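Computation of the quantities below employed the complete heavy-atom set of this structure, encompassing side-chain atoms and omitting hydrogens, waters and symmetry-equivalent molecules. These figures come from a predicted structure and were not determined experimentally. A, B, ... follow the sequence lines: proteins, then strands. Residue 1 opens every chain.
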There are 2 protein chains.
Amino acid sequence: MRITTWTEYSLIISIHLAKRGRRGASPVAARELAEVERLPADYVEQILLRLRRAGIVESVRGAKGGYFLAREPGLITVRDVMAASEHQTFEMNCDTHPVDADRCSPSSACAIRPVWQGLQRRIDDFLGSVPLTELLRDEPGPELVPLTSSPASS
Amino acid sequence: MRITTWTEYSLIISIHLAKRGRRGASPVAARELAEVERLPADYVEQILLRLRRAGIVESVRGAKGGYFLAREPGLITVRDVMAASEHQTFEMNCDTHPVDADRCSPSSACAIRPVWQGLQRRIDDFLGSVPLTELLRDEPGPELVPLTSSPASS
DNA sequence: CGCACCCCGACAAGACTGGTCGGAATTCCA
DNA sequence: TGGAATTCCGACCAGTCTTGTCGGGGTGCG
């Protein structure tokens, strides 16, 4: 299980846009953003397309056009960005890659499904709790504080 | 982000073995297990191979041979099974698919890495908290109890 | 000895990832 | 009015991963 470059690049792009001014300031061209962040330009364009369709960023067409965040960075979470760039955060096998029609039908008593549901909830809760603002101060990031090893008792 | 059939089948297989007796009982042949669970036989064999190498199951060769769980089902977690079948639970991009040597070097101050580290910990904690025994009683599964929506404050 | 079974590497079709390309539409500016 | 800059968008493509299959070799029971 891993994060693809879709999400990784989307985050880099979103953070970049969060740093460059807000709505008022001039929009950032995809090309320029890609150069500064040293990412493949054409790919960045594709990604911005997805982010726009998901409502994470907005765009201005024509010369002097470009992109900017659609909302305040504090109101956009990593979960939002990931859900925009991939089609979801955590894909539920039972729905999209069912092992077996019988076994995976929502009515059947599958012993495994609750595990994936629980996992999905954990992932969404966590990613949904990290706003972009959390990523603007470079070093610390979200809770690398003590937090030794509580036994996952929720 | 999703779970592959490697893990899904591994769980089905592990649960099956947990239900069929323990060390004392006669081992279960891969072929038979595959038939009962309606999984592709050759594939099941591949998976059992991985599970054995990871120490989740043990095997008996020759006629009347087969597989059985290496440990008590209570001592094997979903995390163990997933780590055995895929090579890890959650792959850290920074290590295996670095965006950029500079950006992703462990010494550089990457704003994103802590998010993935936090996510990894959440995933491992949760999956590590679900033993196979939890999956033997079919219906309920792990905590589909109330648990409405605590704001991911760990 | 023969059968049942595990062991193991190679192969392969299809999907997904990580991009690239070419061109159309829109807007600014001289 | 005519570029030039820029977004918009679908098509394409190479490489990797997923999901298996196949064939043969080892091993032990009867």
**Prompt:** What are the two closest non-hydrogen atoms of G128(A) and T77(A), and how far apart are they?
**Reply:** O-CG2, 3.2 Å

**ILVMFWY cluster, L33(B) and V99(A) together (side-chain gap under 4.5 Å)** = yes

**Item:** Side-chain touch M82(A)/M1(B), heavy atoms, less than 4.5 angstrom
**Value:** yes

**Request:** Report the distance from atom CD1 of I47(A) to atom P of dG19(C), rounded to the nearest whole Å.
**Result:** 9 Å

**Closest to side chain of R52(B), choosing from dG18(C), dC7(C), dC8(D)** = dC7(C)

**Item:** Whole angstrom value for the distance that separates P of dT18(D) from NE2 of H97(A)
**Value:** 11 Å

**Message:** If I take atom CZ in residue F68(B) and atom P in nucleotide dC6(C), what distance separates them, rounded to the nearest angstrom?
**Reply:** 12 Å

**Message:** I want to confirm an ordering. Mapping A63(A) and Y43(A) to their closest nucleotides on DNA chain C, which one lands closer to the 5' end?
**Reply:** Y43(A)

**Request:** Looking at every strand, decide which applies to R2(A) at a 4.0 Å heavy-atom threshold: base, sugar-phosphate, or nothing.
**Result:** sugar-phosphate

**Prompt:** Want to settle it: does A29(B) or I3(A) sit nearer the 5' end of DNA chain C, counting the closest nucleotide to each?
**Reply:** A29(B)

**Message:** Check this for me, if you would: do E32(B) and R20(B) make a salt bridge, where the nitrogen-to-carboxylate-oxygen distance has to be below 4.0 angstrom?
**Reply:** yes

**Prompt:** Could you give the CD-to-P distance, from Q88(B) to dC17(D), as a whole number of Å?
**Reply:** 11 Å

**Asked** NA contact type, V99(A), heavy-atom cut-off 4.0 Å: base, sugar-phosphate, or nothing?
**Response** nothing

**Complete:** Out of dC6(C), dC9(D), dG20(D), minimum distance to the side chain of Y9(B) belongs to dG20(D)

**Request:** For Y67(A) and for K64(B), find the nucleotide of DNA chain D with the closest heavy atom, then tell me which residue's nucleotide is more 5'.
**Result:** Y67(A)

**Complete:** When rounded to whole Å, the CG to P distance for the pair L49(B) and dG20(D) reads 17 Å

**Message:** Could you check whether the side chain of Q46(B) and the base of dG9(C) have a donor-acceptor pair of N or O atoms closer than 3.5 Å, going by distance alone?
**Reply:** yes

**Message:** Out of the candidates L17(A), V130(A), T133(A), L132(A), only one should pair with I76(A) under the side chain to side chain contact (heavy atoms under 4.5 Å, CB included) rule; please name it.
**Reply:** L132(A)

**Prompt:** Just how far, in rounded Å, is P of dA11(D) from CG of D42(A)?
**Reply:** 17 Å

**Prompt:** Which part of the nucleic acid does R50(A) contact within heavy-atom distance under 4.0 Å: base, sugar-phosphate only, or nothing?
**Reply:** nothing

**Asked** Rounded to whole angstroms, how far apart are CD on E45(B) and C1' on dC5(C)?
**Response** 8 Å

**Message:** If hydrophobic clusters are built from ILVMFWY residues whose side chains come within less than 4.5 Å, do Y67(A) and V60(A) share one?
**Reply:** no

**Request:** Choose from dG18(C), dG9(C), dG20(D) the nucleotide whose nearest atom is closest to any side-chain atom of T5(A).
**Result:** dG18(C)

**Prompt:** Hey, does the side chain of S59(A) come within less than 4.0 Å of dC8(D)'s phosphate (OP1/OP2), counting only N and O?
**Reply:** yes

**Asked** Closest to the R61(B) side chain: dC22(D), dC7(C), dC21(C)?
**Response** dC7(C)

**Asked** Whole Å only: how far is the CD atom of E91(B) from the C1' atom of dT17(C)?
**Response** 13 Å

**Message:** Could you check whether the side chain of R31(B) and the base of dA4(C) have a donor-acceptor pair of N or O atoms closer than 3.5 Å, going by distance alone?
**Reply:** no

